[in-house]
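First the proteins, then the strands, lettered A, B, ... as listed; each starts at 1. No hydrogens, no waters, no symmetry mates; every other heavy atom, side chains included, goes into these values.
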Amino acid sequence: MKKVRVRFAPSPTGYLHIGGARTALFNWLFAKKYNGSLILRIEDTDTERLKEDSVSQILSSLKWLGIDWDEGPEKGGDFGPYFQSQRQELYTKAAQTLLKENKAYHCFCSVEDIEEERQKQRQEGTPFRYPGKCRNLSPEEVKARLEQGLSSVIRIIGPDAGQVLVEDIIRGPVSFESEQFDDFIIMKSNGTPAYNFACVVDDNAMQISHVIRAEEHLSNTPKQCLIYRALEYEIPLFAHLSMILAPDRSKLSKRHGATAVGEFQEMGCLPEALVNYLTLLGWSPLEEQSEIISPAQTIPSFSLEKVSKTAAVYDVQKLIWLNGQYMTTYDLESLTLQTIPFFIQAGLITSLEVGEKREYIRDVVSTVRERVRTLGELAEASRYFFQDIVSYDEKGLEKYFLKQEGVEALLAKGRECLTTLDRFDVESVESAYRQLMDDLKIKGGVIIHPTRLALTGRTVSPGLFEVMALLGKRKCLERLDKAIELIRISFEKD
RNA sequence: GGCCCCAUGGUCAAGCGGCUAAGACGUCGCCUUCUCAAGGCGAAAUCAGGGGUUCGAUUCCCCUUGGGGCUACCA
């Protein structure tokens, strides 16, 4: 088998969204499986739609996901440059070749002329095809017009009969009637190549063996095949990945909430979880494999033949669930590292405090992580470990502080038993409280719930004794005092 | 409109002529429990419709319907 060389070729017109990320991922998995190379190529021929920073955003999203490339921006390689805007010569040369061989021609029709023709044909109900007006211009005529400085595009001469057959690894053979292809534009009037042309020239020059891309390009493929043929290039293998759709089955867009990789990052997804989720979108593990699967486990059994033909609606819930799974099993140190920015963002710590509080932060992460699903949630659920209680959960306040008989005395008893403790770890605190419950002949919940409310301001938290140990004796006593005081005052008012 | 692709529960999906049609998320019960998660057990829920082919179709073919894509001097 020929050396596997695949490419991911984003257009820098915006952020990397999950569809693009999935395409990149599948290319990457495929390259890894066959020990091939992944080439990253930036398709920046449309200068008008370029977005500032887009390239760096895309690169950083890919890096964050752990999808690395063997050749491309920041890496270089033997087939560079990897920006189409820097490969102009290649396209010009290829177009000249076609011109010379009479497989393409200059067309001087104006955009207006074409538009008029388009309207006319639409009214007649026929699909638009360029009528070929400039096809038979004499060389002299062309030369003269060019010298006059008339604006022109270059069109390839389309086939007039037969079929174009595209062999797709995922879909099998797909055939198109040649007659539907007109003399389409390969070089725009500003001298830059049209997408289909640049793509073919580059895939050939970069010796791409497999073109793995989104399904939206399937209809472009016969045109590209025509170009391959004209240029006498060898045609690579194609694999068109089905689209990823928004929950309403429409094309992904900003109005569908988070769709950009960066947005998932910001809400506190772990890159491994997103990659795992994306892996499952269109590909499924072997029966004996878990759905919680790392690329290393995916690669050996990955194959394009197994990729689904059906468009997939993405489901944030499953992604979030996966993320929660990763949260609990993740390496504690790296989880802590990734959590810190979220703590800072939430105002729990300042960046200056990171060093001194590092261990405490890690301990908080360690106890809170298994009941939250994202880093964002983790930060929110950790607030009372860093900040004093400013308010109590409303329902909890009612139920445990105001309506529960003798709660004030109960909290005081708890407080008292804490003061006697020398050690303040989970075991010591718990056994002290268990003893108290025995003495008082009460069930755990009776004292645990109000105490939780006093210490966290919430009705939901990790195990109470873990919370206490982590908070430390001083804070526990303070917060109990504060709660006792609050309860006293509200009863005096009555 | 034309051309192309696709069609299994709400979602991701396994299946590739004969199965009580896997599994996961979600939903709903129950268990466990100091709350919430997690975990365990269980339940409801799918072959879009119609024709063929065949002894037999979720599976193969055709039509309809639905969804998506392309139809640009966007990629």
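- Close to B:A13, at under 4.0 Å from its OP1 or OP2, lies no side-chain N or O of A:Lys306.
- As judged by a 4.0 angstrom heavy-atom cut-off over every strand, A:Ser175 is placed among residues touching the sugar-phosphate backbone only.
- Here, B:U8 and B:G68 have their P atoms 15 Å apart, quoted to the whole Å.
- For the OP1/OP2 pair of B:A14 and a distance below 4.0 Å, the side-chain nitrogens and oxygens of A:Ser284 include at least one atom meeting the criterion.
- A:Arg452 contributes a side-chain N or O that forms a donor-acceptor pair with the base of B:C34 under 3.5 Å.
- A donor-acceptor contact under 3.5 Å is formed by the side chain of A:Ser189 with the base of B:C73.
- Counting any heavy atom pair closer than 4.0 Å across all strands shown, A:Gly282 reaches sugar-phosphate atoms only and no base atom.
- When the side-chain nitrogen and oxygen atoms of A:Thr45 are compared with OP1 and OP2 of B:A75, one or more of them lie within a distance under 4.0 Å.
- If A:Val307 and A:Ile170 are placed on RNA chain B by their nearest nucleotide, the residue sitting closer to the 5' end is A:Ile170.
- Formation of a donor-acceptor pair under 3.5 Å by the A:Ser428 side chain with backbone atoms of A:Phe424 is not found in this model.
- Remark: A:Lys188 is in phosphate contact with B:A75, judged by side-chain N or O atoms under 4.0 Å from OP1 or OP2.
- Nucleic acid contact class of A:Glu291 (heavy atoms, under 4.0 Å, all strands): base.
- Aromatic rings of A:His217 and A:Tyr195 (six-membered ring for Trp) have centroids within the 6.0 Å cut-off, being under it.
- As a whole-Å value, the separation of A:Lys309 NZ from B:C12 P is 17 Å.
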TODO: Applying salt bridge (charged side-chain N to carboxylate O under 4.0 Å, His left out), run through A:Glu116 and A:Arg118 and close with a yes or a no.
DONE: CA-CA 5 Å; A:Glu116 197 177 313; A:Arg118 197 192 309 277; over 6 Å; no
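- Rounded to an integer number of Å, the gap from NZ of A:Lys443 to C1' of B:U35 is 14 Å.
- Mapping A:Pro462 and A:Gln84 onto RNA chain B via the closest heavy atom, the residue that lands nearer the 5' end is A:Pro462.
- Note on A:Thr459: a base of the nucleic acid sits closer than 4.0 angstrom, heavy atoms only.
- At a threshold of 4.0 angstrom between heavy atoms, the contacts of A:His240 with the nucleic acid are absent.
- A:Gln325 comes within 4.0 angstrom of sugar-phosphate atoms only, judged by non-hydrogen atoms across all strands, and of no base.
- Between A:Gln224 and B:A75 there is no side-chain N or O to OP1 or OP2 distance below 4.0 Å.
- Using a 4.0 Å heavy-atom cutoff across all strands shown, A:Val111 reaches at least one base atom of the nucleic acid.
- Using Watson-Crick or G-U wobble geometry with both donor-acceptor distances under 3.5 Å, B:C28 finds its partner in B:G42.
- An OP1 or OP2 oxygen of B:A38 is reached within less than 4.0 angstrom by no side-chain nitrogen or oxygen of A:Arg373.
- With hydrogens and angles ignored, a donor-acceptor pair under 3.5 angstrom links the side chain of A:Asn220 to the base of B:A75.
- Among the protein residues, A:Leu464 comes within range of the nucleic acid bases, having at least one heavy atom under 4.0 Å from a base atom.
- Remark: aromatic rings of A:Tyr130 and A:Phe184 are distant, center separation not under 6.0 Å.
- At the heavy-atom level, A:Val313 lies under 4.0 Å from the strands shown only through sugar-phosphate atoms.
- Residue-level contact check: A:Ser219 touches the bases, meaning some heavy atom is under 4.0 Å from a base atom.
- Across the C1' atoms, B:C5 and B:A24 are found 27 Å apart, a figure rounded to whole Å.
- If you check every strand for non-hydrogen atoms under 4.0 Å, A:Arg49 touches a base.
- If you look at A:Tyr277 and A:Tyr314, their ring centroids are not closer than 6.0 Å.
- A gap of 36 Å separates the P atoms of B:C3 and B:U46, to the nearest Å.
- Here A:Arg118 lies in heavy-atom contact (under 4.0 Å) with sugar-phosphate atoms only.
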